[in-house]
Amino acid sequence: MNQNPMEWNEEKISKLMGHYKEILSLLGEDPEREGLIKTPERVAKAMLTLTRGYEMDPKEVLNAAKFKEPYSQMVIVKDIDFFSMCEHHILPFYGKAHVAYIPNGYITGLSKIARVVDIFSHRLQVQERMTLQIKECIQETLNPLGVMVVIEAKHMCMQMRGVEKQNSVTTTSDFTGAFNQAKTREEFMNLIRARHL
Ligand SMILES: Nc1nc2c(ncn2[C@@H]2O[C@H](COP(=O)(O)OP(=O)(O)OP(=O)(O)O)[C@@H](O)[C@H]2O)c(=O)[nH]1
Ligand SMILES: [Zn+2]
């Protein structure tokens, strides 16, 4: 998922650099001093990297590795680390995503589930919408018997500023189909909590 520098959109970078230079001045800094001279360019590239998910199609990623397979028990990819940015403050929120689905004739490459999380997290987000988008993307692409997504995250806008709570963790979950049954959700939650390897 590293952005190839050859693919930088020079026009966008140049415009972003102008804005970040202005922001540095407004914050009381001297954008011409040595340590800051390249900062607008660095920040422009960092922000384009952190929002690269806008340029990517998560359904295409899943469809590229969709395999016909009769396996119809739960598949779980847990502890998928992610970093995203809250759309309210443009500050990071970060944590782990856990995804389960029950195939209905088709499976996907395991890494593709993590890639879908990467794509949606590299956009300005709220945790709830990210949870729902991952769920919908998998449901609509693989048409499984059910999909469930659980996300646990810490929000820096609640740690560094505002209410300044360092240890609160937000958990969101969403599901379809077979996960409407409490027993199926329980199986997933137990497997998430179990420590293996
Ligand atoms: N539901 C939800 N809220 C979020 C998320 N990320 C940040 N927020 C919250 O978005 C809210 C924005 O509230 P506002 O009152 O408009 O903004 P604010 O004055 O900066 O709020 P404080 O953070 O309480 O200082 C805050 O309560 C944040 O904690 C998220 O992923 N989901
Ligand atoms: Zn925020």
Side-chain angles (χ1 to χ4, degrees), residues 1 3 12-13 15-17 19-29 36 39-40 42-59 61-62 76-101 111-141 146-177 179-180 182 185-186 188-189 191-193:
M1 288 279 286
Q3 192 145 359
K12 256 192 201 176
I13 288 179
K15 281 189 181 165
L16 283 165
M17 280 168 64
H19 291 297
Y20 282 118
K21 194 171 171 186
E22 180 71 15
I23 288 169
L24 285 173
S25 297
L26 286 169
L27 294 176
E29 264 293 356
L36 290 181
T39 295
R42 292 188 195 100
V43 181
K45 287 180 174 174
M47 290 305 290
L48 286 175
T49 302
L50 296 174
T51 57
R52 66 192 174 212
Y54 289 121
E55 311 273 322
M56 297 174 176
D57 180 353
K59 288 188 176 170
V61 166
L62 286 184
I76 299 177
V77 185
K78 68 173 188 172
D79 293 335
I80 304 168
D81 290 311
F82 75 88
F83 287 91
S84 189
M85 304 237 276
C86 86
E87 67 185 17
H88 303 126
H89 302 95
I90 319 199
L91 284 172
F93 67 95
Y94 61 96
K96 289 183 189 302
H98 315 286
V99 178
Y101 73 102
S111 69
K112 308 305 179 191
I113 301 277
R115 285 186 187 282
V116 167
V117 172
D118 264 2
I119 290 172
F120 285 118
S121 61
H122 282 78
R123 298 177 182 182
L124 298 185
Q125 279 290 7
V126 293
Q127 188 176 327
E128 293 91 331
R129 187 171 65 238
M130 187 171 133
T131 308
L132 181 142
Q133 286 176 333
I134 295 167
K135 176 205 75 171
E136 279 185 351
C137 177
I138 294 170
Q139 183 62 48
E140 288 167 13
T141 311
V147 54
M148 181 158 173
V149 178
V150 172
I151 297 182
E152 300 170 292
K154 285 188 164 191
H155 291 247
M156 295 207 82
C157 65
M158 287 178 66
Q159 296 181 298
M160 293 177 72
R161 56 157 299 289
V163 72
E164 295 187 9
K165 295 295 171 227
Q166 309 309 319
N167 294 304
S168 77
V169 175
T170 303
T171 303
T172 47
S173 66
D174 206 348
F175 51 84
T176 65
F179 289 91
N180 277 293
R185 290 202 299 280
E186 219 170 276
F188 175 42
M189 296 308 281
L191 287 165
I192 288 177
R193 288 193 193 107

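Read the numbers this way: they start at 1 and go in the same order the structure lists the ligands and their atoms. Just so it is clear, the structure is predicted and the values come from calculations on it, not from any experiment. Only this structure's heavy atoms are used, side chains among them; waters, hydrogens and symmetry mates stay out. Start at 1 with the first residue, then count along the sequence.
Here the closest non-hydrogen pair linking Lys78 and Leu191 is NZ-O, 3.2 Å.
A 6.0 Å sphere centred on NZ of Lys21 holds no more than 12 heavy atoms belonging to other residues, nucleotides or ligands.
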Could you walk me through whether Thr39 and Arg42 pass side chain to side chain donor-acceptor pair (under 3.5 Å), step by step?
CA-CA 5 Å; Thr39 295; Arg42 292 188 195 100; 3.2 Å; yes

Please report the C-alpha distance between Ser84 and Gln125 in whole Å, then the side-chain angles of each, then the deciding distance to 0.1 Å, and finally whether the side chain to side chain donor-acceptor pair (under 3.5 Å) criterion is met.
CA-CA 7 Å; Ser84 189; Gln125 279 290 7; 5.7 Å; no

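Under the 3.5 Å distance criterion, the side-chain polar atoms of Thr141 are left unmatched by any main-chain donor or acceptor of Ile138.
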Please tabulate, one line per pair, the protein N or O atoms found under 3.5 Å from any N or O atom of ligand 1, giving the distance to one decimal.
| residue | atom | partner | partner atom | Å |
| --- | --- | --- | --- | --- |
| ligand 1 | 1 (N) | Glu128 | OE1 | 3.3 |
| ligand 1 | 1 (N) | Glu128 | OE2 | 2.7 |
| ligand 1 | 6 (N) | His155 | ND1 | 3.3 |
| ligand 1 | 8 (N) | His88 | ND1 | 3.4 |
| ligand 1 | 10 (O) | His88 | ND1 | 2.9 |
| ligand 1 | 20 (O) | His89 | NE2 | 2.7 |
| ligand 1 | 20 (O) | Arg161 | NH2 | 2.9 |
| ligand 1 | 23 (O) | Arg161 | NH1 | 3.0 |
| ligand 1 | 25 (O) | Arg161 | NH2 | 2.8 |
| ligand 1 | 31 (O) | Gln127 | N | 2.6 |
| ligand 1 | 32 (N) | Glu128 | OE1 | 2.7 |

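The CE atom of Met156 sits 5.5 Å away from atom OH of Tyr94, with the distance rounded to the nearest 0.5 Å. In this structure, CE in Met47 is found 5.5 Å from CD1 in Ile90, a value given to the nearest 0.5 Å.
The Zn ion (ligand 2) has no N, O or S atom of His88 inside 2.8 Å of it.
The N, O or S atom of His89 with the smallest distance to the Zn ion (ligand 2) is ND1.
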